[in-house]
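Just below is one structure, and these are the notes that go with it.
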There are 2 protein chains.
Amino acid sequence: MPRMCPVVTGDTALARRSYQNRTKYAILLIVVSNVLRYNMVAALQISLDNLRDIPAFHALPDEQLMSLAAVMVRRQYAAGHIIFMEGDQAESLWFVASGRVKIIKQSLHGRVQGLCLMDRGKCFGSCPLFDMAKNPATAQALNDVTLFVLPEAALEHMKAHDPHLVKALLHIYSQRLEHLARVSEVLGAWTVPDRINDSLLTYADRDARDPVVELTQEKLASLSGTVREVVSRHLRLLEKAGIVRIEPRRIVILNIDALMPPCACEDQRKPA
Amino acid sequence: MPRMCPVVTGDTALARRSYQNRTKYAILLIVVSNVLRYNMVAALQISLDNLRDIPAFHALPDEQLMSLAAVMVRRQYAAGHIIFMEGDQAESLWFVASGRVKIIKQSLHGRVQGLCLMDRGKCFGSCPLFDMAKNPATAQALNDVTLFVLPEAALEHMKAHDPHLVKALLHIYSQRLEHLARVSEVLGAWTVPDRINDSLLTYADRDARDPVVELTQEKLASLSGTVREVVSRHLRLLEKAGIVRIEPRRIVILNIDALMPPCACEDQRKPA
DNA sequence: CGCATGACGTGATTTAAGTCACATCGTCAC
DNA sequence: GTGACGATGTGACTTAAATCACGTCATGCG
C-alpha cells in the first residue's frame with residue numbers, strides 16, 4: 001500500500017532503520033509527544049509592550065491591556081514539542097510571541113499534513129472562542145517558541161464584557177477559514193510543483209529584499225502535501241533556473257515573480 | 001501539462017466535442033453562470049414554521065422568530081445556478097430550506113474542488129458574520145433549491161442585540177473550520193479510493209436503512225478531488241464486493257461498515 | 001577524534017491515478 | 001421514432017509523483 005510517510009519530526013534515523021515499521025514508530029512518537037507537551041520551561045508575567053506587539057491587541061487602551069496581562073500566561077516550548085493535540089479538550093487561546101508554531105493534521109498512518117504556520121503575532125487555538133469542544137488539529141513548536149496563553153475562563157469573561165475585542169479575534173478566524181478553503185483547493189487541484197511554489201511564497205519572510213523561507217525541506221514537504229525527495233528535486237530545478245538559492249535549512253528566493261501561482265498567468269502550457 | 005478537468009457542471013457535451021479546449025469553455029461557463037445567478041424565481045414571505053426547521057433557530061422564542069421572519073427573504077434557484085461566487089462581495093447569510101447547495105473552489109484552469117454540500121437546515125455564507133470582505137468560495141445550487149436569506153444589515157443589527165443567536169451561529173462555523181481542516185488532511189494524505197469512500201459516507205442520506213448518496217459520479221468526483229472515470233471504476237469494484245449498488249444518479253450503500261475510513265482499522269495492509 | 005544524527009541529493013523503480021477515446025444506455029422533446 | 005444530450009462504463013496509454021536505497025555533508029558531543 002502506498003503513501004506512507006514522514007513521521008512527526010526528525011525521522012531520519014527512524015527512516016534509516018526501517019520503512020516497514022513506520023506506523024508503529026509514528027504511534028510511539030505521538031505518545032511520547034503527549035508527555036513532552038507538559039514540559040514547558042517557564043511561566044512568567046507579561047508586560048503591556050509584549051501585548052501591544054500582537055496585532056489583535058494593538059489598538060487597545062492601556063486599561064484593557066492591563067486586565068489582559070493579569071490573566072494571560074507566558075509559556076515557552078522547545079522545538080518539536082507538541083503544544084496541543086487534535087482531539088484534545090480545547091483549553092485556551094494562544095498567541096505567538098516569538099518563534100513559529102506549526103498546525104498539522106496527522107492521519108494515523110503516520111502521514112502528516114501541514115495546514116499552516118503561525119509566526120510572531122498570530123493567534124491560534126480557535127476552539128474556545130467558538131464553543132468548540134475539541135481541537136480540530138495539532139499544534140507543534142517548529143522552533144523554540146514563546147507563547148502567551150489566554151485561558152478559557154478569561155476568554156469566557158471577555159466574550160461577555162468586551163465584544164469589540166471578540167470581534168477582532170473573529171476577524172482573524174475569518175482569515176483562517178479562507179486559508180483553509182484555499183489549502184483544500186490547492187491540494188485538490190494543483191500539481192505538486194505548483195504547491196511547493198505556493199508554500200514558498202506563503203511562508204517566505206518578506207522583510208528582506210531577498211525573501212527567505214526558514215524551513216527544512218522535510219517540513220516544506222509536509223506543508224505542500226508531498227515528500228522530501230520531491231521537494232529536493234524541485235528546488236534543485238528552481239535553483240538551476242536561478243529562481244532560488246538553496247542553503248541548509250533555508251531557501252532564499254531570488255526571483256519571487258517566477259514562483260507566482262499558475263492562476264495569474266492564464267496559461268503556462270505551450271500556446272501553440 | 002496534466003490535471004485539467006471537469007467543468008462547472010454538465011460538461012458531457014463539451015467533453016464530447018473537444019478536450020483540448022476545455023479551459024476556454026470553463027471560462028465561458030463561469031461568465032454565463034454569473035448572469036444566471038440573478039435568475040431567482042421568487043421572493044416570498046417566510047413562516048415561523050419554516051424558520052423552526054432550521055436547527056440554529058429551533059429553540060428561539062416566537063417573538064425573535066417573528067423579527068427574523070420580517071427581515072429574511074425566501075429565494076429559489078434552479079439546479080446549477082451560481083448563488084454567489086468566490087471573491088464576490090459578501091452580502092448575507094444563507095439557510096437551506098430545501099434542496100442542496102454545493103460549496104466549491106474553482107481554480108482558473110477549470111478544475112473544480114468541492115469543499116462540502118449543504119442540505120436542509122444548514123447555513124452558509126460565513127462572511128458577514130466575521131466581517132469578511134469577500135466570499136472565500138463559490139456556492140452553487142446542486143438541484144432546485146429554496147434558500148432563506150438573512151441580509152447583512154439585519155445581521156449587523158443582530159450582532160449588537162442578540163448575542164445568544166450569534167453564539168449559535170458561531171458554533172456552526174466552528175464545525176465548518178473543523179470540516180475544512182479535515183478536508184485538507186484527507187486530500188493531502190489519503191489515497192483516492194479512501195477519499196471516495198469518505199465522500200460516500202459524508203454525503204449519504206442515512207435516514208433509510210440503506211443509506212443513499214444522491215449524486216452523479218461527476219459531482220462525487222469533484223467532492224473527492226478526483227475525476228469521473230476513477231470514481232466510476234472504484235464504484236464498480238465496490239459493487240462487485242457487494243458494498244454498494246449503483247443506480248443512475250445515485251449510489252445505494254449496502255454495507256456501510258466496509259466504507260469506514262482507514263484510520264479506524266489500524267492497518268489494512270497485509271499483517272504479515 | 002570518531003561516531004551518531006539530522007539534513008539534503010539523486011538514480012532506479014513502481015504505481016496510483018489522470019487522460020483519451022469511444023461505447024452504451026436512458027429519457028426527454030419535438 | 002429519432003436525435004440530442006447527459007450519465008455512465010471501460011480499455012489503452014501516459015505520467016506525475018511516491019518509494020526505495022544509497023551517498024554526501026555538516027554539526028554536535030562524549
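Sequence lines set the chain letters: A, B, ... in the order given, protein chains first and strands last, and positions in each chain run from 1.
- To the nearest angstrom, P of D:dA17 lies 12 Å from CG of A:N197.
- Here the side chain of A:S232 pairs no donor or acceptor atom with the backbone of A:R228 at under 3.5 angstrom.
- Taking every heavy atom of residues 238-255 of chain A and every atom of DNA chain D, no pair lies under 4.0 Å.
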Collect all protein-nucleotide pairs involving nucleotides 11-14 of chain D in which both atoms are nitrogen or oxygen and the distance is under 3.5 Å.
unit_1	atom_1	unit_2	atom_2	d
D:dG11	N7	B:R233	NH1	3.0
D:dG11	O6	B:R233	NH2	3.2
D:dA12	N6	B:R233	NH2	3.4

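- If one axis is set at each end of the helix from C:dC1-D:dG30 to C:dC30-D:dG1 from five pairs, those axes are 30° apart, to 10°.
- Rounded to an integer number of Å, the gap from B:E218 CD to C:dG18 P is 13 Å.
- The backbone N or O of A:L180 lies less than 3.5 Å from a partner atom in the side chain of A:S184, making a donor-acceptor pair.
- Contact check for B:I256 versus B:L201: side-chain heavy atoms found under the 4.5 Å cut-off.
- For B:T226 and C:dG18, the shortest distance from a side-chain N or O to OP1 or OP2 is below 4.0 Å.
- In this structure the side chain of B:L117 never reaches within 4.5 angstrom of the side chain of B:T202, judged on heavy atoms.
- Whole-Å rounding puts the A:H234 NE2 to C:dG9 P distance at 13 Å.
- Of the side-chain N and O atoms in A:Q217, none sit less than 4.0 angstrom from OP1 or OP2 of C:dG6.
- The only member of B:I104, B:L223, B:L187 that meets side chain to side chain contact (heavy atoms under 4.5 Å, CB included) when paired with B:Q113 is B:L187.
- Comparing C:dC8, C:dG18, D:dA17 by their closest approach to the side chain of B:V227 singles out C:dG18.
- We find the NE2-CG distance between B:H179 and B:L177 to be 11.5 Å, quoted to the nearest 0.5 Å.
- When rounded to the nearest whole Å, the span between CD of A:E214 and C1' of C:dA7 equals 15 Å.
- Residue B:I253 is tested with B:V213, B:D210, B:V212 for a side chain to side chain contact (heavy atoms under 4.5 Å, CB included); the sole match is B:V213.
- For C:dG9, the OP1/OP2 oxygens have a side-chain nitrogen or oxygen of A:S232 closer than 4.0 Å.
- In this structure, the CG atom of B:N143 is 13 Å from the P atom of D:dA7, given to the nearest Å.
- B:L142 places its CG atom 16 Å from the P atom of D:dG6, with the value rounded to the nearest Å.
- Between the side chain of A:Q76 and the main chain of A:T146, no donor-acceptor pair closer than 3.5 Å is present.
- Judged purely by atom type and a 3.5 angstrom limit, A:E86 has no side-chain atom pairing as donor or acceptor with the backbone of A:T138.
- Between A:R228 and C:dC8 there is no side-chain N or O to OP1 or OP2 distance below 4.0 Å.
- At a threshold of 4.0 Å, the pair B:R182-B:D198 counts as salt-bridged, since one of the basic side-chain nitrogens sits closer than that to a carboxylate oxygen.
- Between A:F124 and A:W94, the ring-plane angle classifies as parallel under the 30° and 60° cut-offs.
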